[in-house]
Number of protein chains: 2
Amino acid sequence: MSTPQGARARARIEVTAAIKEEAGRRLAAEGAAKLSLRAVARELGMVSSALYRYFPSRDDLLTALIIDAYDSLGERAEAAHTVVADAGAGPVRRWVAVCEAVRGWALDRPHEYALIYGSPVPGYSAPQSTVPAAARVGLLLIGIVRDAGQGPGLAPLPLPAELRPEAERMAADLAPDLPPETVAALVAAWAQLYGLVGFEVFGQFHRVVEDREPFFRHAVTGLAHGVGLREGG
Amino acid sequence: MSTPQGARARARIEVTAAIKEEAGRRLAAEGAAKLSLRAVARELGMVSSALYRYFPSRDDLLTALIIDAYDSLGERAEAAHTVVADAGAGPVRRWVAVCEAVRGWALDRPHEYALIYGSPVPGYSAPQSTVPAAARVGLLLIGIVRDAGQGPGLAPLPLPAELRPEAERMAADLAPDLPPETVAALVAAWAQLYGLVGFEVFGQFHRVVEDREPFFRHAVTGLAHGVGLREGG
DNA sequence: GCATGGCAAGAGCGGTGCTCTCTTTTTTGT
DNA sequence: ACAAAAAAGAGAGCACCGCTCTTGCCATGC
């Protein structure tokens with residue numbers, strides 16, 4: 001039936017969604033630190049204590065918003081990748097497109113970006129439930145490298161001996177079909193990408209980099225080369 | 001005399017220092033978000049309103065802590081550089097030493113790291129007074145590249161046409177004696193360094209990278225190569 | 001048809017940043 | 001030397017916050 005649990009459960013779902021929606025608005029407008037349950041409740045015309053029927057604490061509400069943010073970012077990155085992949089672009093152009101999608105999303109929603117990649121909310125540690133959503137962009141980047149195949153001579157920096165065991169462990173975990181040096185380079189590039197995006201979103205480039213789009217494109221192209229991607233594929 | 005302004009000014013300096021010290025302790029212990037003026041005042045045996053005679057607002061206290069954090073980081077990086085430079089190390093080893101100092105400092109004082117390189121405190125924008133302290137690590141990295149000289153053929157990625165004007169502007173601002181492609185690569189490496197450090201400090205490498213020290217060393221060695229440094233150079 | 005369980009409401013606790021007033025103490029100017 | 005002025009501490013108070021507990025209502029499910 002269309003009312004599988006009766007009108008009551010239906011209302012619960014709607015109220016839950018309304019809370020998340022309003023909380024998302026306030027998050028986008030003022031940031032996570034200023035997100036208050038009382039304000040959300042006030043805006044929704046309910047009393048603050050009623051909100052605790054839906055989210056046991058402020059942190060649980062934040063968790064819901066975090067998962068939404070990861071999903072929104074992952075979706076945007078995947079969409080951007082699909083567009084250029086369908087146009088027949090090579091691996092470097094696909095890599096750059098994904099990076100630019102991440103940057104664009106972060107600049108559009110700086111507070112959501114801060115929520116997932118900024119300082120962790122104190123006393124709060126992301127529950128396991130955020131992991132799949134959080135992994136989407138990483139998987140996308142791995143996929144691009146996998147699709148490109150790895151011609152000999154295009155390999156990234158050779159691994160120093162001290163890193164080889166860890167690189168092999170990472171490769172076994174993340175992409176058993178890729179050589180360990182590629183996986184190590186990928187993980188580093190992944191972190192470095194968020195360094196570039198974070199510096200821009202958090203204002204660290206203020207009065208340092210002015211024309212940021214070409215700068216970013218150039219930097220992530222360097223990242224692509226670092227993991228072994230070349231124009232030809 | 002030893003009391004150039006009388007006992008009053010002397011006391012003011014001491015109380016100010018005590019406030020900053022206690023605030024720093026609480027910051028290190030619990031993070032910026034949980035830093036409360038009232039708690040600091042309580043710990044110091046004064047009433048909260050008295051604290052406003054020394055810091056007009058919580059944000060001003062945070063600003064003082066931010067400057068201290070930048071200085072502490074800069075000092076540690078400079079000390080690390082001095083050690084390896086005095087030992088006659090080449091540019092790559094000096095670069096890596098500075099990066100490792102940044103990482104070590106961040107891991108030692110995650111909350112201070114979050115304060116200066118994490119999500120900006122909402123409604124707060126760092127005043128101009130933080131700029132010199134914030135620039136120290138960057139200047140150090142520029143200095144290493146400058147000292148290395150730039151042999152031909154070791155240059156970083158050639159600049160695309162769209163980035164050339166901006167790269168020349170950055171070079172004029174930051175290091176007029178270095179070629180624009182080197183400066184662009186330097187700024188990118190600077191941001192990427194903090195991506196690597198931030199991911200580790202903020203727990204993004206949890207269950208992804210386990211043996212982090214060699215991984216970091218390898219990644220920042222790659223960064224050094226990216227700006228044109230080579231072992232011999 | 002009625003007991004039950006989900007839900008909104010309200011009061012209240014302990015905490016926050018910040019302001020204002022009042023008093024005391026020190027510095028400064030004549 | 002003494003009064004005026006500046007600086008500092010204390011306390012009350014405002015408007016918030018997260019969160020808990022109790023109360024009473026009302027729709028739902030037996």
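Here is the naming used below: chain letters follow the sequence lines, and residue numbers restart at 1 for every chain.
Screening L193(A), L141(A), V220(A), V84(A) for a side chain to side chain contact (heavy atoms under 4.5 Å, CB included) with V98(A), the sole residue that qualifies is L141(A).
Remark: C1' of dT27(C) and CZ of R10(B) are 17 Å apart, rounded to the nearest angstrom. The interatomic distance linking L61(A) (CG) with dC19(D) (P) rounds to 10 Å, in whole Å. As a whole-Å value, the separation of E14(A) CD from dG6(C) C1' is 16 Å. One atom, CZ of R12(A), and another, C1' of dA27(D), lie 15 Å apart when rounded to the nearest Å. Atom-to-atom, CD of E30(A) to P of dC16(D) comes out at 13 Å; the value is rounded to the nearest Å. Between the CG atom of D60(A) and the C1' atom of dC19(D) there is a distance of 13 Å, given to the nearest Å. Rounding to whole angstrom units, CG of residue L51(A) and C1' of dA8(C) are separated by 11 Å.
Considering only residues two or more places apart in sequence or on other chains, E166(A) meets the side-chain contact (heavy atoms from CB on, under 4.5 Å) condition with L163(A), R169(A), M170(A), V209(B), E210(B), D211(B).
Residues A188(A) and L196(B) approach most closely at O-CD2, 4.0 Å, considering heavy atoms. Scanning both residues, A28(B) and H111(B), for their nearest heavy atoms gives O-ND1, 3.0 Å.
For the segment residues 15-24 of chain B, the set of residues with a heavy atom within less than 4.0 Å of an atom of DNA chain C is empty.
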Per-nt protein contacts along nucleotides 13-24 of chain C (heavy atom under 4.0 Å; B base, S backbone sugar-phosphate only, - none) come out as ---BBBBB----
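Classified by interplanar angle (parallel below 30°, tilted 30° to 60°, perpendicular above 60°), the ring pair F205(B)/F215(B) is perpendicular. Under the 30°/60° scheme for interplanar angles, the aromatic rings of Y117(A) and Y113(A) are found to be tilted.
As judged by a 4.0 angstrom heavy-atom cut-off over every strand, Y54(A) is placed among residues touching the sugar-phosphate backbone only.
Annotation: the span from I116(B) atom CD1 to L65(B) atom CG amounts to 11.5 Å, rounded to 0.5 Å.
In the model, S57(A) has a side-chain atom that pairs as donor or acceptor with a side-chain atom of D60(A) under 3.5 Å.
With respect to E43(B) and R25(B), no salt bridge is recorded, no charged nitrogen being found less than 4.0 Å from a carboxylate O.
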